[in-house]
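What you are looking at is a predicted structure, and each value in this text was computed from that prediction instead of being measured.
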Amino acid sequence: MPPKRQNIARRTNVAKRKRVERQNETEEETAQRNEGNRLHMPHSHATESSQQHEARNEASRYNSEIEYSLHPVVVVESMNKVCTNCKALKFKNEAPGMCCLNGEVKLPPLKAPLEPLFTLVVGQHN
């Protein structure tokens, strides 16, 4: 299980308040907030100490010894939702349009792979 961090859960009062604020903001307000964040982050990173920089990087590193799927905040489910436009398999809560921009992106059908890869793919390799 991942190490506990303060306020890791999405159930804190601050997280709830921010979630409600973001749900109620207009597209223009969202764009302004995102632009402010985009402009602030490089300055924030440039002014941090080397210890703060290392701590920020360490917090985002993947640790293969941790069973992240056992953490109560992490929900790993099967991809059983199908996009109505491109028929891509998606996770239950995956945002609509992530795969094909709601039908705007159309990829040509895949060709069958050449041998011997084809037999490996279909599971007929002895």
Side-chain angles (χ1 to χ4, degrees):
M1 191 163 314
K4 290 190 176 192
R5 292 190 337 225
Q6 189 175 14
N7 295 333
I8 193 171
R10 297 178 184 140
R11 295 178 180 93
T12 65
N13 289 333
V14 172
K16 288 177 186 176
R17 183 177 47 79
K18 282 195 175 283
R19 193 167 43 251
V20 170
E21 286 174 4
R22 289 180 178 174
Q23 286 172 346
N24 294 326
E25 68 186 12
T26 65
E27 286 185 30
E28 185 177 317
E29 290 170 330
T30 301
Q32 287 175 347
R33 179 174 47 82
N34 289 340
E35 181 64 12
N37 289 342
R38 186 185 69 78
L39 296 173
H40 173 74
M41 291 311 285
H43 174 72
S44 176
H45 290 176
T47 59
E48 70 186 3
S49 69
S50 59
Q51 291 150 334
Q52 290 170 320
H53 175 80
E54 184 58 35
R56 181 171 50 83
N57 284 344
E58 184 62 36
S60 64
R61 268 193 208 111
Y62 177 76
N63 183 343
S64 62
E65 296 177 6
I66 295 174
E67 286 287 339
Y68 292 98
S69 63
L70 299 178
H71 195 280
V73 175
V74 177
V75 178
V76 180
E77 297 177 345
S78 62
M79 298 176 78
N80 54 8
K81 185 177 174 187
V82 180
C83 174
T84 56
N85 297 301
C86 69
K87 309 301 182 225
L89 293 175
K90 302 170 67 161
F91 292 105
K92 177 181 173 185
N93 294 322
E94 189 173 337
M98 287 289 291
C99 47
C100 64
L101 290 174
N102 292 319
E104 291 183 34
V105 175
K106 297 191 186 315
L107 299 175
L110 292 174
K111 296 177 183 175
L114 300 174
E115 289 296 338
L117 182 59
F118 179 77
T119 54
L120 289 172
V121 169
V122 296
Q124 296 175 356
H125 182 67
N126 291 331

If I compare all heavy atoms of Val121 with all of Pro113, which pair ends up nearest, and what's the gap?
CG2-CG, 4.3 Å
Residue set satisfying side chain to side chain contact (heavy atoms under 4.5 Å, CB included) with Glu27, at least two apart, ordered chain then number -> none
Considering only heavy atoms from C-beta outward, does the side chain of Lys16 approach that of Arg19 to under 4.5 Å?
yes
For Cys86, which residues count as a side chain to side chain contact (heavy atoms under 4.5 Å, CB included) partner, sequence neighbours excluded?
Cys83, Ala88, Cys99, Cys100
Closest heavy-atom pair, Thr26 versus Glu29, reported as atoms and distance to 0.1 Å, is N-OE1, 2.7 Å
Hydrophobic side-chain clustering at under 4.5 Å (ILVMFWY, transitive links): who's grouped with Val82? Put none if nobody.
Met79, Leu89, Phe91
So which pairs with a foot in residues 31-51 pass salt bridge (Lys or Arg N to Asp or Glu O under 4.0 Å), sequence neighbours left out?
Glu25-Arg33, Glu35-Arg38, Glu48-Arg56
Please identify each residue that fulfils side chain to side chain contact (heavy atoms under 4.5 Å, CB included) with Ser50, with sequence neighbours left out.
none
Which residue pairs pass the ring-ring contact (aromatic ring centres under 6.0 Å, His included) test with at least one member in residues 28-67, sequence neighbours excluded?
Tyr62-Tyr68
Any chance you could measure Thr47, atom OG1, to Gln52, atom CD, to the nearest 0.5 Å?
7.5 Å
Would you please name every residue forming a salt bridge (Lys or Arg N to Asp or Glu O under 4.0 Å) with Arg17, sequence neighbours left out?
Glu21
So which pairs with a foot in residues 94-116 pass salt bridge (Lys or Arg N to Asp or Glu O under 4.0 Å), sequence neighbours left out?
none
Once side chain to side chain contact (heavy atoms under 4.5 Å, CB included) is applied, do any residues pair with Ala31, and if so which ones, sequence neighbours excluded?
none
Could you state the interatomic distance from CG (Leu114) to OG1 (Thr119), rounded to the nearest 0.5 Å?
11.5 Å
Please enumerate all residues that pass side-chain hydrogen bond (donor to acceptor under 3.5 Å, both in side chains) together with Glu58, with sequence neighbours excluded.
Arg61
